[in-house]
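In what follows, every heavy atom counts, from backbone to side chain, and hydrogens, waters and symmetry copies are set aside.
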Amino acid sequence: MSAYIPEFSPELEPDAPRPLVLTNDPLLLDDLLRLAAVAGAELEVAGDPWAVRRSWRNASLVLVGSDCASEVARRELPRRPATILVGRDPDDGSVWQLALAVGAEQVAILPDCEGWLGERLADAAEGPRAAGRTVC
C-alpha cells in the first residue's frame with residue numbers, strides 16, 4: 001500500500017510567515033497593498049503594535065509606517081531582522097531617528113523606493129530560503 005504525500009507548497013502551509021504591515025495611514029496602506037499585490041505577497045495588516053506581538057517575531061518582513069513608529073518604539077518590541085520603516089515624506093528628517101528607535105534595518109520613502117520595496121515583498125512572499133550544501 002502506498003500513500004500520497006503532497007509536495008510542500010506555501011499555499012498549503014497555513015502558518016507560513018508572511019509580511020506584517022503596521023500603519024494607520026490609509027494612503028500608505030493603499031500603496032503597500034498595491035505593491036504587495038504586484039509582488040504576490042499576502043500581508044498581515046495592523047494599526048496597533050500591541051496586537052501583533054506574536055506576529056512581530058514570526059513575520060517574514062515587517063514594514064513599520066512612520067505614523068506608527070513612535071508607538072512601536074514605546075511598546076519596546078524586540079529588535080528583529082528584516083524590519084523596514086516606510087514613509088511618504090522625503091523631507092521628513094525624523095524618519096531616521098524613528099528607524100533607529102524601532103530597530104529598522106532600512107528606510108523606504110515612497111514613491112521613490114517602490115521598486116526596491118516591491119522586490120523585498122516578493123522575496124518575503126517566497127518564504128525562507130533553504131540552506132544549501134556546498135561540495136568541493
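Grouping the Ile, Leu, Val, Met, Phe, Trp and Tyr side chains by contacts below 4.5 angstrom, directly or via other members, places V62 apart from L28. Clustering ILVMFWY residues whenever any of their side-chain heavy atoms sit less than 4.5 angstrom apart, transitively, puts L35 in the very cluster that holds V21. Under a hydrophobic clustering in which Ile, Leu, Val, Met, Phe, Trp and Tyr are joined whenever their side-chain heavy atoms come within less than 4.5 Å, directly or via other members, L110 and L85 fall into different clusters. Criterion: ILVMFWY side-chain heavy atoms under 4.5 Å apart, direct or through other members. Under it, L33 and L61 are part of a common hydrophobic cluster. Transitive grouping of hydrophobic side chains (ILVMFWY, heavy atoms separated by less than 4.5 Å) brings I109 and L22 into a common cluster.
S60 is linked by a side-chain contact (heavy atoms from CB on, under 4.5 Å) to P17, P19, A124, counting only residues two or more places apart in sequence or in another chain. For E44, the salt bridge (charged side-chain N to carboxylate O under 4.0 Å, His left out) test picks out no residue, with sequence neighbours left out. For D92, the side-chain contact (heavy atoms from CB on, under 4.5 Å) criterion is met by D89, S94, V95, not counting sequence neighbours. Considering only residues two or more places apart in sequence or on other chains, T83 meets the side-chain hydrogen bond (donor to acceptor under 3.5 Å, both in side chains) condition with R80. Partners of D31 by salt bridge (charged side-chain N to carboxylate O under 4.0 Å, His left out), not counting sequence neighbours, listed by chain and number: R34, R88.
Two residues are said to be in side-chain contact when any heavy atoms from C-beta on lie closer than 4.5 Å; V64 and W56 meet this criterion. In this structure, the side chains of Q106 and W116 come closer than 4.5 Å at one or more pairs of heavy atoms. Side chains of I84 and V107 form no contact here, defined as non-hydrogen atoms less than 4.5 Å apart. Side-chain atoms of R18 and L43, non-hydrogen and from C-beta on, never get closer than 4.5 Å to each other.
Remark: the backbone N or O of N24 is paired with a side-chain donor or acceptor of D67 at under 3.5 angstrom.
Crowding of R53 atom CZ: a count of heavy atoms from other residues, nucleotides or ligands under 6.0 Å exceeding 12.
To the nearest 0.5 Å, atoms CZ (R75) and SG (C68) are separated by 11.0 Å. The OG atom of S66 sits 7.0 Å away from the CG atom of D25 when rounded to the nearest 0.5 Å. Annotation: the span from R54 atom CZ to L20 atom CG amounts to 13.5 Å, rounded to 0.5 Å.
The heavy-atom pair separating A108 from L117 by the smallest distance is CB-CD2, 4.4 Å. When all heavy atoms are compared, the tightest approach of L121 to A36 is CD1-N, 3.9 Å. Closest of all the heavy-atom pairs between L77 and P49 is CD1-CB, 3.9 Å.
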Report all side-chain donor-acceptor pairs from residues 96-105 shorter than 3.5 Å, counting only partners two or more places apart or in another chain.
residue, atom, partner, partner atom, Å
E105, OE1, A82, N, 3.2
E105, OE2, A82, N, 3.3

